[in-house]
Amino acid sequence: MDATLGNKSYIYHFGYGYSKKRCKSVTTWFIDRYLPRHKLTIDIVHRSLMKDDCYGYLDATSYTRPRDFTISLHTGMKEIDYVKTLLHELVHLRQWVEGSLKLKSGRTYYKGMNVSDLDYRRQPHEVEAFKLQEELYRQYNVDMCRSSKRKDNLKKLPQFTL
């Protein structure tokens, strides 16, 4: 266990090819800001996802009342891509916790609409996650720069242009 958030949530991270400080910082920032009252257990696994053809994905242990999650992230990403991918998966985590994203009879539902047959990039929960990862990236960067209590000595993340 690496982080406990207000005695409610636990973050475990392991694997290779990632910054432990950055992983903890991003995840703690997100949970403290967007899900502070929930008791969550989050395992963040860093490994090669070449065979999965993706940079990250989220899995919930239980789909009825999801509170235990595993986030898998591809190792060796550039720092900006790593943070955005982690934020993207944390958006999905929030969607599960708040109940807007659900799995029923093997089909994915977002806000009550069956989205299983839609192309990946057109699924509304993915559209939301891609949009929010950019906004959250900017806000995380601003908050880390403003924080006068930064004990982790993380360097400022690179800014991007649209």
Side-chain angles (χ1 to χ4, degrees), residues 1-15 18 20 22-47 49 51-75 77 80-144 146-147 157 160 162:
M1 175 179 62
D2 275 333
T4 302
L5 306 171
N7 292 328
K8 290 187 179 189
S9 293
Y10 299 93
I11 302 167
Y12 302 89
H13 55 84
F14 45 91
Y18 72 104
K20 291 174 178 67
R22 183 66 74 196
C23 179
K24 179 180 174 183
S25 172
V26 171
T27 308
T28 302
W29 173 83
F30 184 90
I31 299 301
D32 283 348
R33 184 177 257 254
Y34 295 101
L35 296 166
R37 294 178 290 151
H38 294 278
K39 182 178 180 182
L40 306 171
T41 301
I42 306 166
D43 293 326
I44 305 173
V45 181
H46 300 83
R47 61 187 183 88
L49 295 179
K51 291 180 183 177
D52 296 303
D53 194 30
C54 66
Y55 289 107
Y57 60 88
L58 173 87
D59 193 26
T61 304
S62 166
Y63 296 111
T64 53
R65 188 172 181 268
R67 295 296 182 264
D68 297 333
F69 299 91
T70 299
I71 297 174
S72 296
L73 295 172
H74 185 63
T75 58
M77 286 188 272
I80 188 171
D81 296 330
Y82 174 83
V83 172
K84 287 182 181 183
T85 302
L86 179 54
L87 288 168
H88 180 100
E89 299 311 326
L90 289 167
V91 168
H92 289 317
L93 185 144
R94 185 174 83 180
Q95 292 168 337
W96 279 102
V97 170
E98 292 177 346
S100 60
L101 189 59
K102 294 183 179 193
L103 190 68
K104 297 178 191 172
S105 303
R107 309 213 31 98
T108 304
Y109 288 82
Y110 180 69
K111 296 185 178 179
M113 181 176 82
N114 180 354
V115 297
S116 296
D117 296 329
L118 295 175
D119 180 59
Y120 169 77
R121 286 286 194 155
R122 298 189 71 206
Q123 293 176 353
H125 64 286
E126 291 296 343
V127 170
E128 180 183 54
F130 279 109
K131 177 184 173 196
L132 288 177
Q133 80 183 30
E134 302 300 330
E135 294 173 20
L136 292 167
Y137 177 83
R138 282 192 285 270
Q139 190 58 52
Y140 170 77
N141 212 11
V142 167
D143 287 355
M144 290 300 105
R146 283 186 187 157
S147 175
L157 289 170
F160 62 93
L162 296 175

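When reading the values below, keep in mind they use all heavy atoms of this one structure, side chains included, and skip hydrogens, waters and symmetry mates. Just so you know, these numbers come straight off a predicted model, no measurement behind them.
Side-chain atoms of Asn114 come within 3.5 Å of backbone N or O of Ser116 as a donor-acceptor pair. The main-chain N or O of Leu58 is found under 3.5 Å from a side-chain atom of Glu89 such that the two form a donor-acceptor pair. Checked by atom type and distance alone, the side chain of Ser9 pairs as donor or acceptor with a backbone atom of His38 at under 3.5 Å. At distances below 3.5 Å, not a single donor-acceptor pair connects side-chain atoms of Gln133 with backbone N or O atoms of Leu87. With Thr61 contributing its side chain and Asp68 its backbone, the two residues share a donor-acceptor pair below 3.5 Å.
A ring-ring contact (aromatic ring centres under 6.0 Å, His included) with His88 is found for exactly one of Tyr55, Phe130, Tyr57, namely Phe130.
The number of heavy-atom neighbours closer than 6.0 Å to OH of Tyr109, taken from other residues, nucleotides and ligands shown, is above 12.
The line from OG1 of Thr108 to NZ of Lys102 is 13.0 Å long, rounded to the nearest 0.5 Å. To the nearest 0.5 Å, atoms CZ (Arg94) and CD1 (Ile31) are separated by 10.0 Å. To the nearest 0.5 Å, atoms CG (Leu40) and CZ (Phe69) are separated by 6.0 Å. Note that NZ of Lys24 and CD1 of Ile44 are 12.0 Å apart. Values are rounded to the nearest 0.5 Å. The line from OH of Tyr12 to OG1 of Thr41 is 6.0 Å long, rounded to the nearest 0.5 Å. Of the inter-residue distances, the one linking Thr85 atom OG1 with Ile71 atom CD1 reads 11.0 Å to the nearest 0.5 angstrom.
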Side chain to side chain contact (heavy atoms under 4.5 Å, CB included) between Leu49 and Lys51, worked out: CA-CA 5 Å; Leu49 295 179; Lys51 291 180 183 177; over 6 Å; no

Test side chain to side chain contact (heavy atoms under 4.5 Å, CB included) applied to His125 and His92, step by step: CA-CA 7 Å; His125 64 286; His92 289 317; 3.7 Å; yes

Side chain to side chain contact (heavy atoms under 4.5 Å, CB included) between Arg47 and Ser72, intermediate numbers included: CA-CA 7 Å; Arg47 61 187 183 88; Ser72 296; 4.2 Å; yes

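For the pair Lys84 and Tyr82, the cation-pi test (distance below 6.0 Å, angle within 45°) is failed.
His13 and His46 have perpendicular rings, their planes meeting at more than 60° on a 0 to 90° scale where under 30° would count as parallel. Ring orientation note: the planes of Tyr34 and Phe30 are tilted relative to one another, at an angle of 30° to 60°.
A pairwise comparison of heavy atoms in Pro66 and Trp96 identifies CG-O, 3.6 Å as the closest pair. Shown here for Leu118 and Pro124, the closest heavy-atom pair between the two residues is CD1-CD, 3.9 Å.
Side chains of Leu136 and Trp29 form a contact here, defined as non-hydrogen atoms less than 4.5 Å apart.
Here salt bridge (Lys or Arg N to Asp or Glu O under 4.0 Å) pairs that include residues 114-128, with residues two or more places apart or in two chains, are Arg107-Asp117.
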